[in-house]
There are 2 protein chains.
Amino acid sequence: MVVMKQARHPEPDEMTLIEVMAALSDPIRVGLARVLADGRERGWGELRAPVAKSTLSHHLRVLRDAGVTRTRQEGTRCFVKLRRSDLDARFPGLLNAVLTAAHSDDVGDRVGLTDKPSAG
Amino acid sequence: MVVMKQARHPEPDEMTLIEVMAALSDPIRVGLARVLADGRERGWGELRAPVAKSTLSHHLRVLRDAGVTRTRQEGTRCFVKLRRSDLDARFPGLLNAVLTAAHSDDVGDRVGLTDKPSAG
DNA sequence: TAGCTTGTTCGATGTTTCACGAACGTCGAA
DNA sequence: TTCGACGTTCGTGAAACATCGAACAAGCTA
């Protein structure tokens with residue numbers, strides 16, 4: 001892969017409420033957040049969503065740029081996890097409120113995990 | 001005015017997380033929510049925002065359609081207020097988290113009130 | 001009736017977003 | 001070195017969005 005030329009991981013003080021809200025106003029991205037809500041790091045290939053891989057890459061980038069997730073590379077693989085403590089520190093209660101609402105409404109339920117092992 | 005032909009006030013069970021998140025991912029609209037955060041009903045004309053009145057009308061409609069605010073007409077005037085209890089019941093903690101974050105980051109600080117009396 | 005006020009709606013414009021397939025660059029394996 | 005797997009990026013198009021000014025409709029007021 002092209003080693004994420006322009007993707008950034010903002011520091012907590014660089015995160016903006018507007019960007020986080022925008023990142024979490026798409027069902028696919030909320031679904032991704034739900035999948036990662038248990039705090040475990042997941043491999044890119046584990047993620048299952050009803051979109052093409054380029055579109056999934058786009059959504060993961062939006063989440064990453066907003067500071068919602070962190071992406072780590074290992075060789076040619078990527079692993080993604082939720083930046084829960086950073087988000088909680090920066091925007092207290094926000095992530096929990098969104099995840100709770102998403103759970104009770106089944107928002108993003110078309111996003112899930114494959115049966116592949118997480119390789120980690 | 002044209003008596004709000006298509007604007008709707010969704011019932012709590014018709015509100016969607018995605019729509020509420022989208023409504024609250026614009027600085028003007030977050031600013032409006034902040035202005036209304038004290039629970040008081042405000043007259044349209046009291047609201048001050050750095051946009052044309054047609055744009056302000058648009059933003060108020062997005063908030064209304066999402067269920068964030070309620071608009072009431074009285075003669076030729078409109079009054080707006082936050083639907084806090086409905087939102088709290090539907091998406092617990094969400095509004096407070098957003099308002100807290102917006103306050104600490106001064107999101108939407110270009111939105112405010114005129115010095116006009118609220119007429120109510 | 002005529003005129004003013006008040007928001008909404010319309011139409012146009014430019015930007016952003018979402019989506020896809022294809023091409024690409026990097027890594028590890030053969 | 002050749003090959004395949006893995007994500008990212010590019011190019012493109014459709015749709016959504018933010019914004020404005022102008023036109024409009026409904027209610028006061030003179």
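Chain A is the first sequence line, chain B the second, and so forth, proteins listed ahead of strands; every chain is numbered from 1.
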Is any side-chain heavy atom of [X] less than 4.5 Å from a side-chain heavy atom of [Y]?
{"X": "Glu19(A)", "Y": "Asp65(A)", "answer": "yes"}
{"X": "Asp26(A)", "Y": "His59(A)", "answer": "yes"}
{"X": "Leu94(B)", "Y": "Leu17(B)", "answer": "yes"}
{"X": "Lys81(B)", "Y": "Arg72(B)", "answer": "no"}

Rounded to whole angstrom units, what separation is found between the [atom1] atom of [X] and the [atom2] atom of [N]?
{"X": "Glu46(B)", "N": "dG7(C)", "atom1": "CD", "atom2": "C1'", "answer": "15 Å"}
{"X": "Leu60(A)", "N": "dG7(D)", "atom1": "CG", "atom2": "C1'", "answer": "10 Å"}
{"X": "Gln73(B)", "N": "dA25(D)", "atom1": "CD", "atom2": "P", "answer": "16 Å"}
{"X": "Leu56(A)", "N": "dT9(D)", "atom1": "CG", "atom2": "P", "answer": "13 Å"}

Determine whether a donor-acceptor pair (N or O, by modelled atom type, separation under 3.5 Å) exists between the side chain of Ser25(A) and the backbone of Met21(A).
yes

Who passes salt bridge (Lys or Arg N to Asp or Glu O under 4.0 Å) against Asp13(A), sequence neighbours left out?
none

So, OP1 or OP2 of [N]: does either fall under 4.0 Å of a side-chain N or O from [X]?
{"X": "Arg64(B)", "N": "dT8(C)", "value": "yes"}
{"X": "Trp44(B)", "N": "dT8(C)", "value": "yes"}
{"X": "Ser57(A)", "N": "dT8(D)", "value": "yes"}

Considering only heavy side-chain atoms of Cys78(B), the closest of dG7(C), dT8(D), dT19(D) is dG7(C)

Quick check for you: among dT19(D), dT9(C), dA19(C), whose closest atom lies nearest to any side-chain atom of His59(A)?
dA19(C)

Linked, directly or transitively: Val62(B) and Val98(B) (ILVMFWY side chains, under 4.5 Å)
no

Hey, could you give me each pair passing salt bridge (Lys or Arg N to Asp or Glu O under 4.0 Å) that has a residue in residues 82-99 of chain B? Not counting sequence neighbours.
Asp105(A)-Arg90(B), Arg70(B)-Asp86(B), Arg83(B)-Asp86(B)

I'd like a list of close polar pairs between nucleotides 14-17 of chain C and the protein, N/O only, cut-off under 3.5 Å.
none

What nitrogen or oxygen pairs link the protein and nucleotides 20-22 of chain C at under 3.5 Å?
| from | atom 1 | to | atom 2 | distance (Å) |
| --- | --- | --- | --- | --- |
| dC20(C) | OP2 | Ala52(A) | N | 2.7 |
| dC20(C) | OP2 | Thr55(A) | OG1 | 3.0 |
| dG21(C) | N7 | Ser54(A) | OG | 3.3 |
| dG21(C) | O6 | Ser54(A) | OG | 3.1 |

The reported gap from CH2 in Trp44(A) to CG in Leu60(A) (rounded to nearest 0.5 angstrom) is 6.5 Å

Do you know which of Asp38(A), Leu32(A), Leu63(A), Leu36(A) makes side-chain contact (heavy atoms from CB on, under 4.5 Å) with Leu82(A)?
Leu36(A)

Quantify the bending of the helix from dT1(C)-dA30(D) to dA30(C)-dT1(D) as the angle between its end axes, each fitted on five pairs, to 10°.
10°

What residues 30-39 of chain B contributes to the DNA chain D interface at heavy-atom separation below 4.0 Å is none

